Structure formats: structure tokens, C-alpha cells
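Notes follow the structure.
Just so you know, these numbers come straight off a predicted model, no measurement behind them. Residue numbers run from 1 in the order of the sequence given.
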Amino acid sequence: QAPLMEFGGGLVQPGGSLRLSCSASGAAFQYYAMAWYRQAPGGQREMVASITHSGRTTYADSVKGRFSISRDNTANLVYLQMEALKVDDTAVYFCHRPSGDIWGQGTQVTVSS
């Protein structure tokens, strides 16, 4: 099993919502900070949101108030709840574990009417 696997991407209309999930393998998940990144076509990979092992969160200015990161340490899951989606949110979204620089394979999110 891959260390990190993302789920939940897809096509959504502007203003819609989507929840991404990231499943992490390993027994020490609760000790790691986790993050979501995204990369738009032709763009650089950018950090969207992060969460520490204790649950403290940070967000990119572009998603503050619209996106929410959370984690379930009992299930080794990290979530990214995305609301009020915009066309500019279209990107491949990646789950990331900074410790060890571990990346998921990415999941496509397309916001289009």
C-alpha cells in the first residue's frame, strides 16, 4: 500500500463543495503533521492547508474561510473540506507528510460550469 492515498476529487460547479480524503499507512500517523498542496496546470505546487499532530491548522490566503483541514487519528485520515469552490481552485490536489517528504499520487479537482 502506498504511504498516502487521496480520494474524493472530481468535477464540481462553481460555488459547490467537495471533500477530499487522504488515507495514511503506518502506525505513527498521529505524531505527524500533514498538509494538502495543489498544482494547477502550468503552475507551481502550492500549500493549501496544514495541520499539526495536535490539530493546529494553517491556510493559504486564497482558501481561508472556504477550506477546512481536519484529521482522524483513529482512522489515519486527513480531510480537506472545500466550500464555495471557484474555477481558480481547479488543480491536482496532493496529500503531503512533511516528515520524510512523503507525497500521495494526487487527485484531480475540476471546478467548471
Given side chain to side chain contact (heavy atoms under 4.5 Å, CB included), test Gln30 with His53 step by step and report yes or no.
CA-CA 6 Å; Gln30 67 268 30; His53 71 283; over 6 Å; no
Tell me, with the steps shown, if Leu85 and Phe67 meet side chain to side chain contact (heavy atoms under 4.5 Å, CB included).
CA-CA 9 Å; Leu85 282 161; Phe67 289 13; 3.8 Å; yes
Carefully, step by step, assess Tyr93 and Met82 under the rule side chain to side chain contact (heavy atoms under 4.5 Å, CB included).
CA-CA 12 Å; Tyr93 283 71; Met82 305 184 291; 3.9 Å; yes
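Remark: His96 NE2 to Ser50 OG distance equals 11.0 Å, nearest 0.5 Å. Between Trp36 atom CH2 and Met47 atom CE the span is 14.0 Å, to the nearest 0.5 Å. Between the OG atom in Ser23 and the CG atom in Leu4 there is a gap of 8.5 Å [rounded to 0.5 Å].
Side-chain contact between Glu6 and Leu20 is absent, with no heavy-atom pair separated by less than 4.5 Å. Put simply, the side chain of Ser112 reaches to within 4.5 Å of the side chain of Leu11, judged on heavy atoms. Within the 4.5 Å cutoff, side-chain heavy atoms of Gln108 are placed close to those of Thr90. With contacts defined as side-chain heavy-atom distances shorter than 4.5 Å, the pair Arg97/Phe29 does not qualify.
For Arg45 and Phe94, the positive end sits near the middle of the six-membered ring, less than 6.0 Å away and at most 45° from its axis.
Looking at Asn76, its side chain does come within 3.5 Å of a backbone N or O of Gly26 through a donor-acceptor pair. Without hydrogens or angle criteria, Gln81 side chain to Ile69 main chain gives no donor-acceptor distance under 3.5 Å.
Contact record, Arg71 with Thr52: NH1-O, 3.0 Å, taken as the closest heavy-atom pair. The two atoms that bring Leu80 and Val48 nearest to each other are CD2-CG1, 4.3 Å, heavy atoms only. Taking all atoms of both residues into account, the shortest heavy-atom contact from Ser68 to Tyr59 is CA-OH, 3.4 Å. Residues Val109 and Gly9 share a closest heavy-atom pair of CG2-CA, 4.2 Å. Pro3 approaches Ile102 most closely through the heavy-atom pair CB-CG2, 3.6 Å.
For residues 2-95, the disulfide (SG to SG under 2.5 Å) pairs, not counting sequence neighbours, are Cys22-Cys95.
With sequence neighbours excluded, the residues satisfying side chain to side chain donor-acceptor pair (under 3.5 Å) with Asp89 are Arg38, Arg66.
Hydrophobic clustering, with ILVMFWY side chains joined whenever heavy atoms are under 4.5 angstrom apart, keeps Met5 apart from Tyr79. Tyr32 and Leu77 are not part of a single hydrophobic cluster, where members link through side-chain heavy atoms under 4.5 Å apart.
Residues Glu83 and Ser17 have side chains that bring a donor and an acceptor to within less than 3.5 angstrom of each other.
Below 30°, between 30° and 60°, or above 60°: for Tyr37 and Trp103 the angle between ring planes is above 60°, a perpendicular geometry.
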